[in-house]
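Notes follow once the structure below has been shown.
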Amino acid sequence: MSGPRVRIAPSPTGFMHVGTARTALFNWLFSHQSGGVFILRIEDTDAERNRDEWREGIIAGLHWLGLDFDEGPFLQSDLLPDHVVAAEALFANGYLYPCDCTREEIDERTKGNAKPGYDGHCRDRHVARTDQTALRFRVPDEGTTVVHDVIRGDITFAHDSYEDFIVVRSNGVVLYPLANAVDDRTMKITHIIRGEDLLPTTPKQVMMWEALNHCPEVESVDHPKYAHLPMLVNEQRKKLSKRKDPVAVESYRDQGYLPEAFVNYLALLGWSPRGEEEIVPRSTLIEQFRLEDVSHSPAFFDVKKLTHMNGEYIRALSLEQFIEAATPWVAPWSSEWTPSDRDVPWTREQFDPSLFSHVAHLVQERVATLGEIPAMVSFFFLDDVPFDDVTFEKAIAQDGTAKNVLTLALDAFATVEWSADALHHSTLQLGESLGLALRKSQAPIRCAITGTSVGPPLFESMELLGREVVLERLRGALARAGA
RNA sequence: GGUCCCAUCGUCUAGUGGCCUAGGACAUCACCCUCUCAAGGUGGAGGCACGGGUUCGAAUCCCGUUGGGACUGCCA
């Protein structure tokens with residue numbers, strides 16, 4: 001006996017939505033723990049918003065997350081003939097009827113009705129099928145359809161709350177509810193794991209699936225099991241919006257989030273591993289994930305927590321791994337891909353890979369995303385110190401003793417043994433001679449050397465920079481301060 | 001409006017009738033560590049929406065209320 005077959009069926013939008021990523025992950029985990037098959041099917045039938053290249057974003061996103069699919073990508077547009085076969089079978093067996101009502105006519109007729117929606121006007125009018133008629137599904141007047149949901153249990157929908165919905169447009173295009181179900185039948189999908197927003201249309205699909213099973217023209221297929229995942233919401237508790245919320249997985253990749261961290265965080269949205277530890281390897285995710293344990297309520301996509309988790313993943317990297325991971329942000333010219341909209345502050349000539357490998361450990365524990373690295377180490381590679389004006393004013397220009405500190409440092413550093421420890425002691429001493437604590441005396445020096453008040457440890461940085469550069473920068477800061 | 005879903009700290013969650021004086025994580029506050037910034041350590045504040053039941057006993061089961069959300073198109 002073979003394992004379950006699951007799929008994700010996103011429509012191409014040019015990028016991968018975090019909601020799609022979460023759905024993909026849960027499908028992927030489910031299939032991987034049970035020896036199943038994970039399929040990618042791209043629903044590209046809405047011609048108005050479809051471009052060939054748009055599907056690349058989804059594939060690239062899945063690949064980045066390490067959620068590669070076993071079958072596909074299939075394009076729904078290639079499966080159109082199957083949709084027509086199914087629609088014709090439903091029509092031939094009396095499940096569908098032609099309707100020539102316009103939206104305006106329906107609105108006019110039903111505006112006073114207690115129940116909104118189509119009123120069944122054409123049900124028994126025997127309208128002739130033309131290119132002006134759509135095909136509607138005849139929903140039973142009575143009874144219910146029960147959706148068996150692995151996460152939520154059985155959900156009962158009364159038939160009288162559904163109108164006779166359109167299945168085939170007047171131009172012949174088969175609409176989503178049927179097309180989607182037909183494709184799932186074709187691909188022998190056993191578990192439909194998708195967003196909760198699709199729950200209300202599920203009864204339509206179940207009804208048509210069942211109807212299809214009664215059509216002699218088409219093969220009967222067992223109903224799949226459903227699992228509707230809780231929505232991912234924003235701070236306003238609304239479904240994540242493509243326009244207003246940062247939902248592009250690519251943008252997280254470009255900011256320097258690690259795929260493993262991203263996956264780990266996504267897994268926590270609506271589910272949690274056993275025990276108190278939530279940072280767990282993918283193998284644990286696969287092993288412990290259970291569809292029936294998935295939460296019922298919506299989850300807020302919290303970038304702060306994602307970022308914290310990413311920092312933990314970055315710190316857990318070996319130095320070699322960290323340097324490798326940082327390459328796209330610090331030396332894009334030697335990287336296979338480069339994050340978009342990210343300018344490296346230095347040139348290829350200015351960048352010194354060897355120096356970077358020596359400073360890497362100093363920044364590894366200080367960044368939460370890889371994209372933060374350049375700003376933190378730019379003073380190592382730029383010829384001119386990247387001064388932060390506010391810091392310069394505060395630490396040097398407006399500080400009465402700052403120039404004395406710099407002058408003394410210039411003198412002391414000219415001859416001191418060139419090591420972080422010696423520089424540390426030297427700074428300590430020259431500060432004491434002015435009655436300053438180290439935290440005070442290092443400030444102007446730090447600003448002179450790095451241009452800012454935050455960053456990697458000063459004395460290690462100076463050691464790596466070398467005596468010449470350090471003295472030059474001290475002189476430069478003094479000059480800039482007008483001394 | 002109708003149908004459906006949902007309801008534990010600000011957020012993500014653990015909890016499936018007694019281990020709950022409700023646990024963890026992020027965020028937040030304080031302190032410690034410290035050459036800056038982080039990281040790290042310690043500690044604090046903070047929650048079962050409300051009301052009825054059922055039960056010896058309810059965050060856990062039932063009903064109602066309230067609140068939030070999704071869907072309601074010849075989009076997907």
Please classify the nucleic acid contact of [X] as base, sugar-phosphate, or nothing, using heavy-atom distances under 4.0 Å.
X: A/Gly455; value: base
X: A/Thr201; value: base
X: A/Leu175; value: sugar-phosphate
X: A/Ser453; value: base
X: A/Ile155; value: sugar-phosphate

With a 3.5 Å cut-off and no angle check, do the side chains of [X] and [Y] form a donor-acceptor pair?
X: A/His83; Y: A/Asp183; answer: yes
X: A/Arg194; Y: A/Thr202; answer: yes
X: A/Ser77; Y: A/Asp44; answer: yes

Answer yes or no: side-chain N or O of [X] and base N or O of [N] forming a donor-acceptor pair under 3.5 Å.
X: A/Arg446; N: B/rU36; value: yes
X: A/Arg366; N: B/rC37; value: yes
X: A/Glu460; N: B/rC35; value: yes
X: A/Ser170; N: B/rC74; value: yes

For [X] and [N], give me the distance from atom [atom1] to atom [atom2], rounded to whole Å.
X: A/Phe165; N: B/rC74; atom1: CZ; atom2: P; value: 12 Å
X: A/Gln364; N: B/rC37; atom1: CD; atom2: P; value: 21 Å
X: A/Asp293; N: B/rC12; atom1: CG; atom2: P; value: 18 Å
X: A/Tyr265; N: B/rG24; atom1: OH; atom2: P; value: 20 Å
X: A/Asp44; N: B/rC75; atom1: CG; atom2: P; value: 16 Å
X: A/His228; N: B/rA70; atom1: NE2; atom2: P; value: 16 Å

### Task
Could you pick out which residue, A/Leu438 or A/Arg103, lies toward the 5' side of RNA chain B when each is mapped onto its nearest nucleotide?
A/Leu438
### Message
Can you tell me if A/Arg152 touches the phosphate of B/rC5, counting only side-chain N or O atoms and a distance under 4.0 Å to OP1 or OP2?
### Response
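No, A/Arg152 has no side-chain N/O under 4.0 Å of OP1/OP2 on B/rC5.
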### Task
Determine: side-chain N/O of A/Lys238 to OP1/OP2 of B/rG69, distance under 4.0 Å, yes or no.
yes
### Given B/rU36, B/rA76, B/rG24, the nucleotide with the shortest approach to the side chain of A/Glu276
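Shortest atom-to-atom distance from the side chain points to B/rG24.
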### Message
A/Val363 and side-chain contact (heavy atoms from CB on, under 4.5 Å): which single residue from A/Val377, A/Leu370, A/Ile314, A/Val330 fits?
### Response
A/Val377
### Task
Specify whether A/Trp418 and A/Phe413 have parallel, tilted or perpendicular ring planes, treating 30° as the upper limit for parallel and 60° as the lower limit for perpendicular.
perpendicular
#### Entry: B/rA49 versus B/rA22 - spacing of their P atoms, nearest Å
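Going atom to atom, P in each nucleotide, I get 15 Å.
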